[in-house]
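For reference, the structure discussed in these notes is given below.
In listed order, ligands and their atoms are each counted from 1. What you see is a predicted model; the values in this text were computed from it and never measured. Note that the numbering runs from 1 along the sequence shown for the chain.
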Amino acid sequence: MNGQLDRIRRESLKQKVVTAEEAASWIQDGMTLGLSGFTRAGDAKAIPEALVKRAQKESFKVNVFTGASLGHDIDKLFTEAGIVNKRLPFQADATMRKGINNGELLFVDHHLSNTSELIRGGVLPQVDIAVLEAVAIAEDGSIIPSTSIGNSLIFAEHAQSIIVEINVAHSEEWEGVHDIYDPGVLGDREPIPLKHPDERIGTYGIPVDPDKIIGIVLTEEYDSFSTIDQPDEETEVMAGHLLQFLRSEITAGRLTKELAPLQSGIGSQANAVLHGLLDSEFENLEVYSEVLQDSVFELIDAGKVKSASCTSITVTEERMDILRNNLSFYKEKIVMRPQEISNHPELIRRLGTISINTALEFDIYGNVNSTHVTGTKMMNGIGGSGDFARNARLAIFVTKSLAKKGAISSCVPFVSHVDHTEHDVDILVTEQGYADLRGLAPKERVELIINRCAHPSYRQELWAYYEEAALRGGHTPHILEKALSWHIRLSETGTMRESKEEVTQS
Ligand code: COA
């Protein structure tokens, strides 16, 4: 306990140490909570767990705002306890996903850079209590975050009160990784002074009025580890296509071997595709991303990546061990920022990122659906993919051409939900090949998308749709009454294929 108390460097705050149960008892029905946590990293742990226990005895509901998804099954436990009224801006838990799709709770799916603006502008309900994980509280009361920053700065600034969870499982050595910067209110804002991914423009800690800290809970629990699938044969082929494309950009004189700051989205596929850069000639790479997954650390170890900017670090257990044991080495290469800054459109455009995100499906003109299974069922959320795609130098979307053993084609006549319009999608990559859509009219895109990205077993049907649509004319030909017929067939028969036998053959 004494060693733990040393993490509270402001003497007057030491008396605010309470149990998680006591802190959780301050949370009232109808409140809005701002919890730290981004893709399982740096999440508040003890108080959410104590809140779930409280729900066994009394009934209440709260709004839960976070950076992104949480670890420790918190979203699952929250859903099972039935205590969430509204959740935003991102989640990735199967039970909560079901709850959202069954209407048990409300979910707001907005661009991750936008939560701060909506809170700062008073659009969202006031955050009553912010619960923030930290490695320490500094002498001036500022909060030193742990393995993510996410929305913790804006929560700390705008919440009525703050509870800090000091997690001693994280080393104090994390101090110095963070770069806390608030751009200020809209309409009265200077340009954000960041010109390179490795620059620092802010402070190490989150500045707060110490009087706002109403309680401190001491914890000792690791983050939940990443559960992504390792690269497989198909993702390796996809990575190969991406490398081929990047090489063609170098030949055309638009990129050098150092490429441009890289962003790679969450999930197994984006991680695997980035992993492919390990066996490439590219070097001195910079990363300007939202989450750092295993592949970025592999690239750092291989001497390929010289610096990486992020808002969270979410890695497998094995990778976290290496990171913990060599934190001083990695610390020199990593800067962690609030998600408003890691995902800021101004910076993404200025830095000219190469952004690689994952699609669930894309259509013959290049619209991308990343969030809604068959147009209605929420998967995880748009996350930061829209922040990056709209503003990147190169907006690349990757996905395997088939899902569910071939019952689903990722390439469809018309996406059943649009997250990234054809205007924001530059390159599509599947294990079949890549399509560079830049500067192409819709009719020019069709050939590339079908012939290079769709699975061969669906190409004939895609062409049949397009040829019939083309007879009707228009700039972007469609047969509106058939545009979603593949999704309708899927929900009625379990496959997008006209003949069921084809499913097992592919
Ligand atoms: N229709 C229905 N289901 C589909 C599908 C489609 N067209 N394409 C894929 N799926 C299913 C897969 O079968 C898999 O299902 P399972 O969990 O039952 O096995 C699931 O979707 C996830 O696919 P997976 O291949 O494991 O992909 P992933 O881990 O790379 O995740 C996304 C892909 C799209 C779900 C994920 O990247 C995401 O949520 N993206 C949106 C947010 C984002 O891009 N954030 C990054 C910004 S920095």
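The closest heavy-atom contact to atom 5 (C) of ligand 1, among the options Ala359, Ala403, Cys310, comes from Ala403. Between atom 42 (C) of ligand 1 and the options Gly381, Ser69, Ala272, the minimum heavy-atom separation is to Gly381. When Asp387, Leu360, Val415 are checked for heavy-atom proximity to atom 9 (C) of ligand 1, Leu360 turns out nearest.
Taking the ring axis of Tyr222 as reference, the NZ or CZ atom of Arg324 stays within 45° of it and closer than 6.0 Å to the ring centre. Geometrically, Arg497 engages Tyr458 in a cation-pi contact, judged by NZ or CZ lying under 6.0 Å from the ring centre and within 45° of the ring axis.
Electrostatic pairing of Glu249 and Arg438 counts as a salt bridge here, judged by a charged N lying under 4.0 Å from a carboxylate O. Comment: Arg319 does not engage Asp321 in a salt bridge, judged by the lack of any side-chain N to carboxylate O separation of less than 4.0 angstrom. Glu117 has a carboxylate O that lies under 4.0 Å from a charged side-chain N of Arg189, or vice versa, which qualifies the two as a salt bridge.
With a heavy-atom cut-off of 4.0 Å, Ile266 touches ligand 1 through backbone and side chain alike.
Heavy-atom proximity to Gly267, at under 4.0 Å, picks out these atoms of ligand 1: 29 (O), 30 (O). Contact atoms of ligand 1 toward Ile408: 1 (N), 2 (C), 6 (C), 7 (N) (distance under 4.0 Å to a heavy atom of the residue). When each atom of ligand 1 is checked for a heavy atom of Val373 under 4.0 Å away, the hits are 2 (C). Listed by atom number, the atoms of ligand 1 under 4.0 Å from Gly384 heavy atoms are 47 (C). Interface atoms of ligand 1 facing Gly265, defined by a heavy-atom separation under 4.0 Å, are 46 (C), 48 (S).
Here the heavy atom of the protein found nearest to atom 39 (O) of ligand 1 is Asn380 ND2, 2.8 Å. The protein atom (non-hydrogen) at minimum distance from atom 22 (C) of ligand 1 is Met379 CE, 3.7 Å. The closest protein non-hydrogen atom to atom 33 (C) of ligand 1 is Thr358 CG2, 3.7 Å. Among all non-hydrogen protein atoms, the one lying nearest atom 40 (N) of ligand 1 is Ser370 O, 4.1 Å. Nearest non-hydrogen protein atom to atom 24 (P) of ligand 1 is Gln269 NE2, 3.8 Å. Shortest contact from atom 28 (P) of ligand 1 to any protein heavy atom: Ser268 N, 3.7 Å. If you check which protein heavy atom lies closest to atom 44 (O) of ligand 1, you get Ser385 CB, 3.4 Å. Looking only at protein heavy atoms, the nearest one to atom 43 (C) of ligand 1 is Ile382 O, 3.7 Å.
No side-chain donor-acceptor contact under 3.5 Å links Ser289 and Gln263. Side-chain atoms of Thr32 and Asn63 form a donor-acceptor pair, as typed in the model, at a separation below 3.5 Å. Side chains of Ser416 and His372: a donor-acceptor N/O pair is absent below 3.5 angstrom, by distance only.
The 12-atom threshold is exceeded at CZ of Arg393, counting heavy atoms of other residues, nucleotides or ligands nearer than 6.0 Å.
Within a 4.0 Å radius of atom 17 (O) of ligand 1, the protein contributes no non-hydrogen atoms. Atom 26 (O) of ligand 1 is not flagged as protein-proximal [any protein heavy atom, distance under 4.0 Å]. Using a 4.0 Å threshold on non-hydrogen atoms, atom 20 (C) of ligand 1 counts as touching the protein.
At least one donor-acceptor pair closer than 3.5 Å links the side chain of Gln91 to the backbone N or O of Asp93. When atom types are taken as modelled, the side chain of Asn151 and the backbone of Ile154 share no donor-acceptor pair closer than 3.5 angstrom.
Aromatic ring centroids of Phe397 and Phe362 lie 6.0 Å or more apart. Proximity of the aromatic rings of His478 and Tyr365 is defined here by a centroid distance below 6.0 angstrom, and this criterion is met.
Checked by distance only, ligand 1 and Gln263 stay at 3.5 Å or farther apart across all their nitrogen or oxygen atoms. Close N/O approach between Ser409 and ligand 1 is not found [any backbone or side-chain N/O within under 3.5 Å]. In terms of polar-atom proximity, Lys404 is counted as a contact of ligand 1, with an N or O under 3.5 Å from an N or O of the ligand. Residue Glu290 has no N or O atom closer than 3.5 Å to an N or O atom of ligand 1.
Counting all heavy atoms, side chain and backbone alike, Tyr465 lies closest to Ile479 at OH-N, 3.0 Å.
Look at Ser410 and you'll find every heavy atom at least 4.0 Å from all atoms of ligand 1.
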Item checked: Chi angles and distances behind the side chain to side chain contact (heavy atoms under 4.5 Å, CB included) call for Trp486, Leu462 -> CA-CA 10 Å; Trp486 291 32; Leu462 287 164; 3.4 Å; yes
